[in-house]
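Accompanying notes for the structure given below.
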Amino acid sequence: MAPSTITSRTKAAGKEAGHSLSQASLSPALNEALKKLRTDFSVSTEKLREIVAEFEKELAAGLEKQRQNIAMYPTWVFGLPSGREEGQYLTIDLGGTNLRVCWITLNGPDHHTEIEQDMYKLPSHVKTGSAEELWNLIADSLANFIKKHNLKGTSEDPLPLGFTFSYPVQQDHVDRGTLVTWTKGFEIDGVEGQDVVVQLGEAIEKRNLPVRIVALVNDTVGAMIASAYNDPETIIGAIFGTGCNAAYMENAGSVPKLREFAAGADLKPDTPIAINCEYGAFDNTHCVLPRTKYDVEIDNKSPKRNEQAFEKMSAGLYLGELFRLVLVDLSEQGLLFRGEDVERIRSQAYCMDTGFLSSQENDTLDARQDRFEELVGFRPSVEDLEFCHLLAEVIAVRGARLSACGIAAICKKKGITSGHVAADGSVANKHPHFKARWKQAMGEILEWPEDRETDPITLTSAEDGSGIGAAIITAMTMKNIREGNLVGIQDGGPFAKRG
Ligand code: BGC
């Protein structure tokens, strides 16, 4: 069995971040605890390859049939953009913490894209409230935006809108989609099993807004399309953020289940179609991922038990929670935070986010102590902080190594050996060591030569996929409507009539 690589990288990451902390300064009991955690959280090269082999099987199963672990939803976005897309589009992005409305001007060949945007905070009660509350909030924000920016549309000539909705949605058309299940801690009543375009459309209609939803977009598809607008080497769009997922282009002929869709039956086998993998649900049956007792606890306490197994071990929402659960466990064993009141850590699930985790690994001792005090009301001892630093690293290393598996599996399955993975999300953007660890794991899985000068597959920063990507997809769909190519489009509406 190939050795676990965590220990050696641990030292390197410590040096990279300029730390002089080391395991040696921990008490024997904490040292022992850390050793066990390192073993439990390690993912060896061999294990990575085993996971990727399973991943490939689940990707294939999802293309073959509906309702598999990895859903592999066809999105009815045919091919990458030409780069010449133009026009003005509204976009809405329902993110985990904010709602963003944009007015985007695509200027075609010179690629200078203009964005006007407003951010509306999503009150946390909305995330577990009712459908009505959600759609009213979005439609009201849209109404405000239209008024504030003095945008003009009519019922005959409405403003075209791309709606980025980053949850698992079964799409029978580019402008339709049924929410299969909420993820990332959302639990809004009355949306699962319903068409989110119809629901938002009704709220828009009630307010008589001159807007028409043209495309429903997953953030991964948006990332891929926005990146491909400028970068022909784009192969995949991926999100490493609160949740995780990726999208890529598949040939219709390699998606047997397309036969089950009215719009899919007549596609030529070489027609490229964007697939929203929804691979956060990989290994929902718990066959291959090396779950620790903390992973099991996260799953058991989640509103969606036995769902998003891969996401719960690798995405931003859960990394900080894993960290918190370990701290609670060790303080209950009397190993950490002795004499302190740990009630706030114990009682506030999800209080430690990716930013906190990243800070514990990378910031100065003082800054880390301040962050702790701010959050939990006490200043941990230097030894406790050293432990936290090493633990944060263990959890983040595992997250990054697992994150490589989904992308490596897509590349292996498609025979892709080089190109750019357009990545977005808080983990990719805010965790300083994520990219290096991800690439290290990719090299181990795909057996890249140690002495390579460049990496064949690299992470690039996705250009605002949920804004620009949604606008480009809206432009591509409008072009199809105008040209009478209505495959995968439920309702061209006034645009079809105009065309
Ligand atoms: C959702 C995906 C989304 C990903 C990243 C997951 O929880 O199911 O649709 O792409 O998060 O935002």
Side-chain angles (χ1 to χ4, degrees), residues 88-104 115-153 155 158-171 173-222 239 241-243 276 464-471 473-474 477 490-491 493:
Q88 294 190 297
Y89 307 92
L90 272 170
T91 63
I92 291 179
D93 173 25
L94 178 66
T97 33
N98 295 307
L99 172 72
R100 193 167 62 122
V101 185
C102 302
W103 177 242
I104 294 183
I115 308 181
E116 286 176 69
Q117 60 171 319
D118 283 349
M119 203 84 101
Y120 304 85
K121 178 117 188 86
L122 210 57
S124 60
H125 65 85
V126 171
K127 293 183 199 166
T128 50
S130 69
E132 212 189 345
E133 226 179 328
L134 172 73
W135 302 123
N136 283 342
L137 180 96
I138 298 182
D140 285 341
S141 310
L142 188 59
N144 279 339
F145 185 90
I146 291 173
K147 198 164 162 210
K148 179 174 158 198
H149 294 269
N150 200 18
L151 302 179
K152 302 278 178 240
S155 52
L159 303 165
L161 175 103
F163 178 26
T164 303
F165 183 78
S166 303
Y167 300 89
V169 163
Q170 160 85 41
Q171 285 191 265
H173 298 90
V174 69
D175 54 347
R176 284 293 182 275
T178 302
L179 175 66
V180 176
T181 183
W182 285 113
T183 59
K184 299 182 279 202
F186 273 59
E187 197 56 22
I188 302 174
D189 245 14
V191 190
E192 286 175 342
Q194 304 298 316
D195 190 321
V196 295
V197 175
V198 170
Q199 291 197 336
L200 175 58
E202 282 168 3
I204 288 176
E205 215 165 287
K206 253 195 239 153
R207 286 159 183 79
N208 267 325
L209 301 179
V211 170
R212 177 140 201 120
I213 306 171
V214 175
L216 180 65
V217 177
N218 186 264
D219 50 1
T220 57
V221 182
I239 304 293
T242 309
N276 164 20
D464 185 11
S466 45
I468 299 177
I473 293 169
T474 305
T477 308
Q490 168 77 27
D491 184 4

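With contacts defined as side-chain heavy-atom distances shorter than 4.5 Å, the pair Val198/Arg176 qualifies. For the pair Glu192/Thr181, a side-chain contact is recorded, criterion being any heavy-atom separation below 4.5 Å from C-beta on. Proximity of Asn144 to Val101: side-chain heavy atoms (C-beta onward) are nowhere separated by under 4.5 Å. Counting only heavy atoms from C-beta outward, the side chains of Val214 and Asp175 never approach each other to under 4.5 Å.
By the salt bridge (Lys or Arg N to Asp or Glu O under 4.0 Å) test, Asp464 is found to be paired with Arg100, residues two or more places apart in sequence or in another chain being considered. With sequence neighbours excluded, no residue forms a salt bridge (Lys or Arg N to Asp or Glu O under 4.0 Å) with Asp189.
The shortest non-hydrogen separation linking Ser141 to Leu99 is OG-CD2, 3.4 Å. For Ile104 against Ala471, the heavy-atom pair with the smallest separation is CG2-CB, 3.8 Å. The two atoms that bring Leu216 and Gln171 nearest to each other are O-NE2, 3.4 Å, heavy atoms only. Across all non-hydrogen atoms, the minimal contact from Thr183 to Ser166 is OG1-O, 4.5 Å. Considering every non-hydrogen atom in both Ala131 and Ile188, the closest pair reads N-CG2, 3.6 Å. Taking all atoms of both residues into account, the shortest heavy-atom contact from Leu159 to Gly153 is CG-CA, 4.1 Å.
From Lys147, atom NZ reaches atom CG of Leu209 across 12.0 Å, with rounding to the nearest 0.5 Å. One finds the CD atom of Glu116 at 9.0 Å from the CH2 atom of Trp103 (value rounded to the nearest 0.5 Å). If you take CD1 on Ile138 and CD on Gln199, they are separated by 10.0 Å, rounding to the nearest 0.5 Å. The structure places NE2 of His173 at 12.5 Å from OG1 of Thr477, a figure rounded to the nearest 0.5 Å. Taking NZ from Lys206 and CH2 from Trp135, the interatomic distance works out to 12.5 Å, rounded to the nearest 0.5 Å.
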Identify all side-chain donor-acceptor contacts of residues 88-98 below 3.5 Å with residues at least two apart in sequence or on another chain.
unit_1 : atom_1 : unit_2 : atom_2 : d
Gln88  : NE2    : Thr105 : OG1    : 3.0
Tyr89  : OH     : Glu86  : O      : 2.5
Asp93  : OD2    : Ser466 : OG     : 3.0

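Within the structure, every pair that satisfies the salt bridge (Lys or Arg N to Asp or Glu O under 4.0 Å) test and touches residues 209-222, not counting sequence neighbours, is listed here: Arg212-Asp491. Sequence neighbours left out, the pairs with a member in residues 184-216 that pass ring-ring contact (aromatic ring centres under 6.0 Å, His included) are Tyr167-Phe186, Trp182-Phe186. Applying the salt bridge (Lys or Arg N to Asp or Glu O under 4.0 Å) test to residues at least two apart or on different chains, the pairs with a partner in residues 126-140 are Asp140-Arg207.
Checked by atom type and distance alone, the side chain of Lys148 never pairs as donor or acceptor with a backbone atom of Asp118 at under 3.5 Å.
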